[in-house]
Each structure stands twice: as C-alpha cells, then as structure tokens.
Number of protein chains: 2
Amino acid sequence: MRVSPVVPGGLEGHPGLNSVPSQAAPGVRTRSQHQRRKRIVQAAAALASRGGVEAMQMRTVAERAGVALGTLYRYFPSKMDLVVAVVGEEIDLLESSIERRPPNAATPAGRAVDVLMRATRGLMREPELADALIRSLIITEVDTPFGDRMAGLLLRAAVPGLTAATATEEQFALTGSLSSVWVYELLEMLRGRRTYEQTQRRIEIAADRLLAEF
Amino acid sequence: MRVSPVVPGGLEGHPGLNSVPSQAAPGVRTRSQHQRRKRIVQAAAALASRGGVEAMQMRTVAERAGVALGTLYRYFPSKMDLVVAVVGEEIDLLESSIERRPPNAATPAGRAVDVLMRATRGLMREPELADALIRSLIITEVDTPFGDRMAGLLLRAAVPGLTAATATEEQFALTGSLSSVWVYELLEMLRGRRTYEQTQRRIEIAADRLLAEF
DNA sequence: ACCGAAATTAGAACGGATTCTAATCTCTGT
DNA sequence: ACAGAGATTAGAATCCGTTCTAATTTCGGT
C-alpha cells in the first residue's frame with residue numbers, strides 16, 4: 001500500500017487527507033470542485049453501505065459520481081483516501097449528534113460509554129459500511145485523524161470543557177486506550193463474535209477502569 | 001474479502017484456520033502434507049520478513065515452496081489464511097519464550113506489561129513482517145484466534161495458573177482490552193507515530209488501570 | 001476574444017490475487 | 001497389478017486497483 005503523495009495545493013480538510021486537486025491559488029477550492037468532491041464521497045458511501053468496500057469499486061464510484069476514473073484518482077489518490085473521507089463524514093455526524101444532545105450520565109466513564117455506544121449504534125445502522133470502513137482505517141498508511149479524533153471526543157465527553165490541549169498526557173492516553181478498545185470490540189461485533197450487549201458490557205468494564213479517576 | 005470456506009475434513013490446528021486439504025479420513029494429515037504446509041508457511045514468512053505482505057506474493061510463495069499456485073490455494077484458500085498461519089507461528093514463539101522465562105514483575109499489571117513489551121520487541125525485530133501481519137490480521141474476516149490467544153497469555157502472566165476457563169468473564173474482558181490497546185499502540189509505533197518508550201508508557205498506563213484489582 | 005495551464009475524459013494497459021482448466025500423478029483398496 | 005479418487009501441476013483467464021496516454025474542455029489573465 002502506498003502513502004498518498006501530498007497534493008501540491010492541498011492544505012486544509014481533516015489533517016492527513018490530501019484530496020483537493022492543486023490549483024493556481026493554493027488552498028482555494030472552487031464551488032464546483034467542492035461539489036464534485038462531495039458527489040464522489042456520497043457515491044462511495046452509498047455503494048459501500050450496500051456491499052462494503054468490495055462494492056465500492058473505483059470504476060463504479062467514478063461512474064456513479066459522473067466523473068472519469070482519472071478524475072476520481074485526482075481527488076482521491078487511492079481507494080483508501082476515499083474511505084478515509086467517507087469515515088470522516090461519519091465522525092462529523094457523530095460529533096454534531098453529541099453537540100445536539102450531550103451525554104448526561106453521572107460519571108466520566110458513564111458519559112464516555114454513552115458516546116461510544118451512540119457511535120456504535122450509528123455505525124451498526126450500516127454494518128457493511130461500518131465494517132469496511134473501520135477495517136480499512138486501521139490498516140491504512142494514510143495518516144488518519146481517526147484515533148485522535150475519537151480520543152478527543154471521549155475527552156470532552158468525560159470532562160466537559162477539556163480538550164486535547166488542556167488534558168494531561170495521561171488523560172489523553174487513557175481516552176486513547178478506551179477508543180482502541182472500542183474499535184476492537186466493534187470489529188468483533190461486526191465479525192459476529194459479540195452481541196451488542198456483550199460489546200456494551202465490555203466497553204463499560206474497560207471504561208470504568210480506565211476513566212475511574214478522571 | 002471472502003470468508004474462507006470450511007474445508008471438508010479440516011478440524012484441527014488453531015481454531016479458525018482452514019488450511020488442511022480434505023481427506024478421505026477426516027482430520028487426518030499425512031506427513032508429506034504436513035511438511036508441504038510447513039514449507040509453504042516458511043517460504044511465506046521468509047518473503048514477508050523482507051518486504052512485508054507486498055513481497056509475499058502468492059506466485060512467489062508457491063515458487064519458493066516448490067508447489068503449484070493451485071496447490072498453494074488448496075492449502076490456504078486466500079492470502080489472508082496464509083498470513084494468519086504465519087502469525088500463528090510468531091505467537092507460538094512468544095508463548096514458548098514466556099514458558100522458558102516467565103515474567104517476574106511484582107504486580108499482575110507489571111507482568112502483563114512485561115509480556116506485551118517482550119512481544120513488541122520480538123515483532124520489532126522484523127518490522128516489515130510485524131506491520132504487515134498485524135494489519136492483515138485486523139482486517140481479515142478469517143476467524144483468527146489472535147485476540148483470544150493474546151488475552152489468554154496475559155491472563156496467565158497476570159495470575160499464574162489462571163486460564164481462559166477459570167477466569168471470570170470480567171478478567172477475560174480486561175485482558176482482552178489490554179491486548180487491543182497493545183495492538184493499537186503497536187500499529188501506531190509501526191506507523192512512526194510513537195517511539196518505543198511512548199508505546200511502553202501508554203501500555204503501562206492502561207495496564208495499571210485495567211489490571212489494578214487482579 | 002485569445003492563450004496557456006490545469007482539469008477532465010475515455011479508454012487502454014499493468015500488476016497481483018484469485019479462479020479455472022485440462023492433463024498428469026499418487027495413492028488406497030481390492 | 002488395476003481402477004478410481006483425490007492431489008498436483010502448468011498455465012490461461014478473470015477481476016479490480018492503479019497508472020498511463022492522448023485528446024478535449026474549462027478558465028483566469030490579458
């Protein structure tokens with residue numbers, strides 16, 4: 001697997017995503033480019049929510065998005081970059097859901113579990129997609145903000161007002177650990193080796209220990 | 001990715017591995033089959049320890065092992081099954097290393113960390129291999145005993161004499177969580193996002209919390 | 001309105017995993 | 001020793017991600 005080369009003009013978007021074609025004026029993204037990018041991601045998500053990554057074939061995505069294969073590769077230098085973009089959208093959704101209705105459990109651990117289980121339910125609505133995306137994310141050499149974003153979400157859930165900047169290294173490590181446990185349990189559930197209840201229980205067990213002294 | 005079909009006669013080996021050709025007498029594996037299997041795994045491991053999974057091409061593996069491509073696929077229905085077999089061997093090594101020299105730290109958490117860091121150093125000796133293998137394992141739909149084996153190792157390290165059978169569900173969940181943290185940190189290290197020391201520190205932090213009351 | 005740079009396109013081409021085929025080989029039981 | 005069932009083989013064929021090519025189109029600056 002290749003690391004996607006840095007696109008000359010691309011410098012915004014989620015860190016690690018290089019999915020904006022270079023431009024005369026660096027960093028500028030025209031409306032049509034933006035929409036094209038969006039159409040591509042939507043087409044990809046739609047396909048993936050059916051048959052997983054397998055159904056999300058680059059040729060098919062390009063076709064559905066009404067774009068040539070070469071153009072697709074210009075926006076997303078590899079299939080993985082596309083997957084990362086799709087996942088990014090999912091996390092955005094979770095993030096705004098949390099803003100809309102913050103977790104209200106009594107303890108930090110309880111609030112973190114709340115967030116994680118909400119994310120779990122969200123992802124389980126499209127299991128094929130979730131499965132494909134999570135797996136892909138974990139292996140990719142593309143630098144994804146996934147783990148850190150999730151750890152940050154948990155940090156804020158556990159201690160409202162805390163951010164990656166103000167947290168101690170230990171706190172960040174602990175929410176990071178919790179998020180890796182979550183990812184793993186999610187995968188096990190998607191593999192059919194856990195029920196939703198088992199997953200929840202295991203996450204609660206881990207969260208209780210990891211975030212006990214928050 | 002396809003799930004490997006169950007081979008008619010295969011019922012031993014690590015659970016989840018279907019890598020023995022069917023036989024008239026089920027479960028029987030002749031010496032020559034056994035050796036052929038071993039030669040294949042060795043060839044695969046040798047190739048992978050150079051350039052990672054990329055260098056471990058099925059055609060090449062077949063060639064090095066002195067079998068036809070079709071035969072390779074008869075023993076290992078997919079590349080992933082082969083990867084799983086290679087990883088199995090690595091875990092065997094770790095397991096016997098631990099038997100030879102059991103962890104002797106004072107606390108359960110300390111002993112678990114000892115085991116994990118020993119595994120880490122073992123894997124880092126062949127970073128290409130480790131990287132490839134760990135990633136592959138995580139994505140595969142092939143039912144790997146990986147997580148459970150690791151959790152079992154940690155269980156025994158934390159409380160000598162404890163086994164997957166005698167441990168409480170909670171204990172098993174906790175060692176399982178620790179092993180998923182380890183895998184994640186290992187990946188981050190392989191990605192170059194952590195130093196060995198950072199990895200160790202994070203694992204210690206997680207282990208101290210997770211195994212505090214063992 | 002025109003130029004040139006960059007974007008876009010259709011489609012061919014390439015590489016590696018996986019599948020398929022037809023022939024040959026190797027047993028095992030009789 | 002012989003038949004029949006797998007096992008094995010060499011190699012072609014297929015599928016899909018990725019790369020490449022040679023036009024063609026779009027657009028900002030003049």
Side-chain angles (χ1 to χ4, degrees), chain A residues 1-5 7-10 19-26 28-37 39-40 44 47-48 51-63 65-83 132 136 139-142, chain B residues 1-5 7-10 19-26 28-37 39-40 44 47-48 51-63 65-83 132 136 139-142:
Chain A
M1 191 174 300
R2 235 153 293 77
V3 176
S4 4
V7 172
S19 37
V20 178
S22 54
Q23 277 286 293
V28 169
R29 180 198 286 174
T30 70
R31 172 162 315 277
S32 72
Q33 275 182 342
H34 189 268
Q35 297 197 325
R36 194 180 293 257
R37 197 191 120 88
R39 275 223 316 289
I40 292 176
L47 284 168
V53 258
E54 318 204 345
M56 174 178 146
Q57 298 182 2
M58 296 304 265
R59 285 178 231 270
T60 319
V61 171
E63 197 178 307
V67 142
L69 187 56
T71 305
L72 171 52
Y73 271 94
R74 157 171 277 278
Y75 279 78
F76 300 95
S78 79
K79 184 169 179 173
M80 193 56 63
D81 291 80
L82 185 47
V83 168
S136 309
I139 25 165
T140 185
E141 279 169 22
V142 174
Chain B
M1 191 173 298
R2 238 152 293 77
V3 175
S4 1
V7 172
S19 38
V20 179
S22 55
Q23 277 286 292
V28 170
R29 181 198 283 175
T30 69
R31 172 163 314 279
S32 73
Q33 276 182 339
H34 189 268
Q35 297 198 325
R36 193 179 293 255
R37 198 191 119 88
R39 273 223 318 288
I40 293 175
L47 285 167
V53 259
E54 317 205 344
M56 174 178 146
Q57 299 182 1
M58 295 304 263
R59 283 180 230 271
T60 319
V61 171
E63 198 179 306
V67 298
L69 187 56
T71 304
L72 171 52
Y73 270 94
R74 155 170 281 278
Y75 281 78
F76 300 94
S78 79
K79 184 170 178 172
M80 193 57 63
D81 290 81
L82 184 48
V83 169
S136 309
I139 17 167
T140 186
E141 280 168 20
V142 174

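Lettering of chains follows the sequences in order, A, B, ..., and the numbering in each one begins at 1.
Protein atom CE of A:Met80 is 8 Å distant from nucleotide atom P of D:dT18, rounded to whole Å. One atom, CZ of A:Arg74, and another, P of D:dT26, lie 16 Å apart when rounded to the nearest Å. Separating the CE atom of B:Met58 from the P atom of C:dG15 is a distance of 20 Å, rounded to the nearest angstrom. The distance from atom OH of A:Tyr73 to atom P of C:dA6 is 24 Å, rounded to the nearest whole Å.
A:Thr71 is listed as a side-chain neighbour of A:Arg36, based on a closest heavy-atom distance under 4.5 Å. Using a 4.5 Å heavy-atom cutoff, the side chains of B:Val83 and B:Met56 are in contact.
Residue-to-nucleotide proximity on DNA chain D shows that, of B:Leu69 and B:Gly66, the 5′-proximal contact is made by B:Gly66. A residue-by-residue look at A:Met56 and A:Gly70 shows that A:Met56 has its nearest nucleotide of DNA chain D further toward the 5' end. Along DNA chain C, the nucleotide closest to A:Leu72 and the one closest to B:Val53 are compared, and the more 5′ of them pairs with A:Leu72.
Between B:Met58 and B:Phe76 the shortest heavy-atom distance is CE-O, 4.4 Å. Nearest heavy atom pair, residue A:Val61 against residue A:Ala44, reads CG2-CA, 4.1 Å.
For B:Arg59, no side-chain nitrogen or oxygen approaches OP1 or OP2 of D:dG11 to under 4.0 Å. Within the structure, a side-chain polar atom (N or O) of A:Tyr75 is placed less than 4.0 Å from OP1 or OP2 of C:dT8. The phosphate of C:dA7 (OP1 or OP2) has no side-chain N or O of A:Thr71 nearer than 4.0 angstrom.
Candidate nucleotides D:dT8, C:dT18, D:dG17 were compared by shortest atom distance to the side chain of A:Lys79, and D:dG17 ranks first. The side chain of A:Gln57 has D:dC16 as its nearest neighbour among D:dC16, C:dT8, D:dT18. Nearest to the side chain of B:Arg36, among D:dT9, C:dA7, D:dG17, sits D:dT9. The listed nucleotides are C:dT9, D:dC16, C:dT18; the one nearest the side chain of A:Ala68 is C:dT9.
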Derivation of the side chain to side chain contact (heavy atoms under 4.5 Å, CB included) call for B:Arg39 and B:Val67: CA-CA 9 Å; B:Arg39 273 223 318 288; B:Val67 298; 4.3 Å; yes
